[in-house]
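We count ligands from 1, going down the list as the structure has it; atoms in each ligand are counted the same way. Each residue takes its place number in the sequence, starting with 1.
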Amino acid sequence: MRRLWIDGEFTNGSTGQSIQVVDPATEEVVDVVPKGGVADVDRAVAAALRAFAAWKRVPALQRADLLVETARRLRANQEDFALTLTRETGRTLRKNRGYVDWSATCFEYYAGLIRDRRGRVIPSAEPGQLNLVIKEPMGVVGCIVPFNYPLMLIVWKVAPALAAGNTVVIKPASQTPLTTLDLNRVFDHFPKGVVNIITGAGAEVGDALVMHKDVPCIAFTGSTATGQRIYRMGAERIKKLHLELGGSDAAIVCADCDLEAAVRAVAWTGFLNAGQVCTSAERVYVEQPVHGRFLELFSALTGKLVVGPGLDPKTEVTPLIGSKERDQVDARVQQARREGAEIVTGGRRPEGLPKGWFYEPTVLKEEIFGPVVPIMPFSTFDEALALANDSPYGLGATLFSTDAKKVRRYYEEIQVGNVWVNDPLVDNPAGPFGGMKMSGLGRELGEEGLEEFQQTKHVHWDIEARIKPWWYPLC
Ligand code: NAD
């Protein structure tokens with residue numbers, strides 16, 4: 001049984017209760033972990049606060065070395081981490097190996113960045129004055145992540161937060177705490193208390209972390225509903241909030257694009273991780289002249305995708321995270337069917353997989369939320385842009401076109417933070433990721449991702465210490 005990790009020590013937590021972690025592909029219990037409580041949040045935050053006093057003074061070059069060592073340990077344990085990720089998320093082992101490597105790269109990126117980022121010297125407003133803009137850490141950062149990308153989304157927060165000189169308390173989703181608890185192996189060369197890992201229910205442990213008086217900054221990825229709740233709670237103490245929330249991403253397929261490439265790319269964005277990607281294509285708009293052909297090719301491809309467990313190298317589409325989530329998707333598909341939507345392919349549990357929370361990759365002709373790709377026609381580019389922007393969310397979008405004029409209009413007018421052209425879902429550690437509108441606040445990755453965990457001081461220093469003519473005279 002794995003345990004919580006607070007102040008460099010393993011603990012069973014304060015409640016005596018536990019959480020069962022179930023493999024989505026087999027419905028078997030993989031492990032049981034302690035269900036932490038509010039007392040564990042208090043202990044973890046206290047440890048992180050104590051550690052902060054010394055950690056913030058550790059020179060950036062030394063912090064960078066420790067981050068590079070974390071990257072090395074992640075790679076050295078790549079197979080173990082990938083296997084655990086597959087068991088708890090259901091995702092393919094192949095992809096998970098890649099995510100472990102990607103996570104290591106992210107630590108290396110921030111190790112490099114922090115080596116030469118401390119702020120800047122600006123021109124002074126007066127002679128004899130020195131003006132410094134200093135970037136400082138914030139203190140204890142609470143990192144709360146969802147079930148779909150437990151490792152990667154932790155790393156996107158923890159790597160820049162530690163690089164900037166903060167200490168962290170990490171809370172994973174209850175469905176996927178295993179990889180997170182195993183991270184003690186890649187952090188135990190840091191001073192005690194710099195990294196702390198706790199588990200527990202979002203409404204209890206998550207709330208306590210957000211509300212804690214000694215946690216000035218919360219970095220959260222998850223649903224918009226939970227993000228709204230955290231936003232309200234954070235307002236109480238004017239906390240710095242970093243919120244990565246839900247999306248309703250559009251893909252626009254223009255008639256001038258390479259249609260076969262677009263078909264494969266859209267299937268990738270729609271069915272990767274059973275559609276449980278925040279930037280999954282949830283609405284596909286295809287230009288009228290190629291709509292029929294696109295639908296034909298897309299349905300043929302979708303019908304051939306291999307649904308199965310992530311440990312099977314042949315698997316292309318993995319299960320949903322839980323039975324509740326699978327039932328919700330099915331209920332929505334059936335409702336769309338009752339309302340007259342045409343289900344082009346899929347729309348049910350796959351045959352031959354009696355166990356596990358699998359659902360056939362599904363193509364609809366109308367819009368529906370879920371790991372289901374709805375494909376709709378458009379006539380003009382203006383219409384496509386209006387449809388894509390007609391959403392309260394603004395996380396990501398993809399355009400398939402080789403027409404430079406269209407591409408430029410699209411990236412100038414699309415109201416999302418992640419703008420892809422002909423190549424969806426790719427990330428780059430050096431480039432910011434995040435949403436507009438109700439998809440969140442702030443950015444992860446890149447220089448912007450570091451700044452989320454820094455606060456700014458402006459130092460005005462009169463080196464010559466002269467009396468100013470505008471001061472009051474002495475009597
Ligand atoms: P969720 O909001 O239910 O849970 C996310 C995390 O918040 C979990 O750790 C949970 O325990 C915790 N939590 C729940 N209630 C809380 C509370 N009251 N206070 C503090 N913490 C609380 O989300 P989920 O179902 O695990 O994940 C799916 C969602 O995440 C989807 O909406 C998806 O779009 C979104 N997501 C967004 C991004 C992005 O980068 N924008 C990336 C991945 C997933």
Taking only non-hydrogen atoms of Pro172, do any sit less than 4.0 angstrom from ligand 1?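 Yes; Pro172 lies near enough to ligand 1 that a heavy-atom distance drops under 4.0 Å.
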
Contacting atoms of ligand 1, where contact means under 4.0 angstrom from a heavy atom of [X]:
| X | answer |
| --- | --- |
| Asn148 | 43 (C), 44 (C) |
| Leu395 | 41 (N) |
| Cys278 | 34 (O), 36 (N), 37 (C), 38 (C), 39 (C), 40 (O), 42 (C), 43 (C), 44 (C) |

Is the shortest N/O to N/O distance between [X] and ligand 1 below 3.5 Å?
| X | result |
| --- | --- |
| Gly200 | no |
| Lys171 | yes |
| Ser223 | yes |
| Asp207 | yes |
| Val145 | yes |

For the residue pair [X] and [Y], establish whether any side-chain heavy-atom pair is separated by less than 4.5 Å.
| X | Y | result |
| --- | --- | --- |
| Thr89 | Tyr149 | no |
| Glu204 | Val38 | yes |
| Arg50 | Asp7 | yes |

Ion pair present between [X] and [Y], side-chain N to carboxylate O less than 4.0 angstrom?
| X | Y | value |
| --- | --- | --- |
| Glu244 | Lys157 | no |
| Asp330 | Arg348 | no |
| Arg73 | Asp188 | yes |

If we ignore hydrogens and angles and just use 3.5 Å, is the side chain of Gln334 paired with the main-chain N or O of Gly347 as donor and acceptor?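 Yes: the side chain of Gln334 pairs with the backbone of Gly347.
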
Check whether Thr224 reaches the backbone of Gly246 with its side chain - one donor and one acceptor, N or O, closer than 3.5 Å. yes

Below 30° counts as parallel, above 60° as perpendicular, anything between as tilted: where do the rings of Phe298 and Phe294 land?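 Plane angle under 30°, so parallel.
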
Checking contacts here: is it the side chain or the backbone of [X] that comes within 4.0 Å of ligand 1, counting heavy atoms only? Could be both or neither.
| X | result |
| --- | --- |
| Arg229 | side chain |
| Leu153 | side chain |
| Tyr149 | neither |
| Ser174 | neither |

To which of Thr226, Thr221, Leu209 does the heavy atom nearest atom 5 (C) of ligand 1 belong?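 Result: the heavy atom closest to atom 5 (C) of ligand 1 is in Thr221.
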
Looking only at non-hydrogen atoms, which of Gly222, Gly246, Gly417 approaches atom 35 (C) of ligand 1 most closely? Gly222

Rounded at 0.5 Å granularity, tell me how far NZ in Lys437 sits from CG in Asn389. 5.5 Å

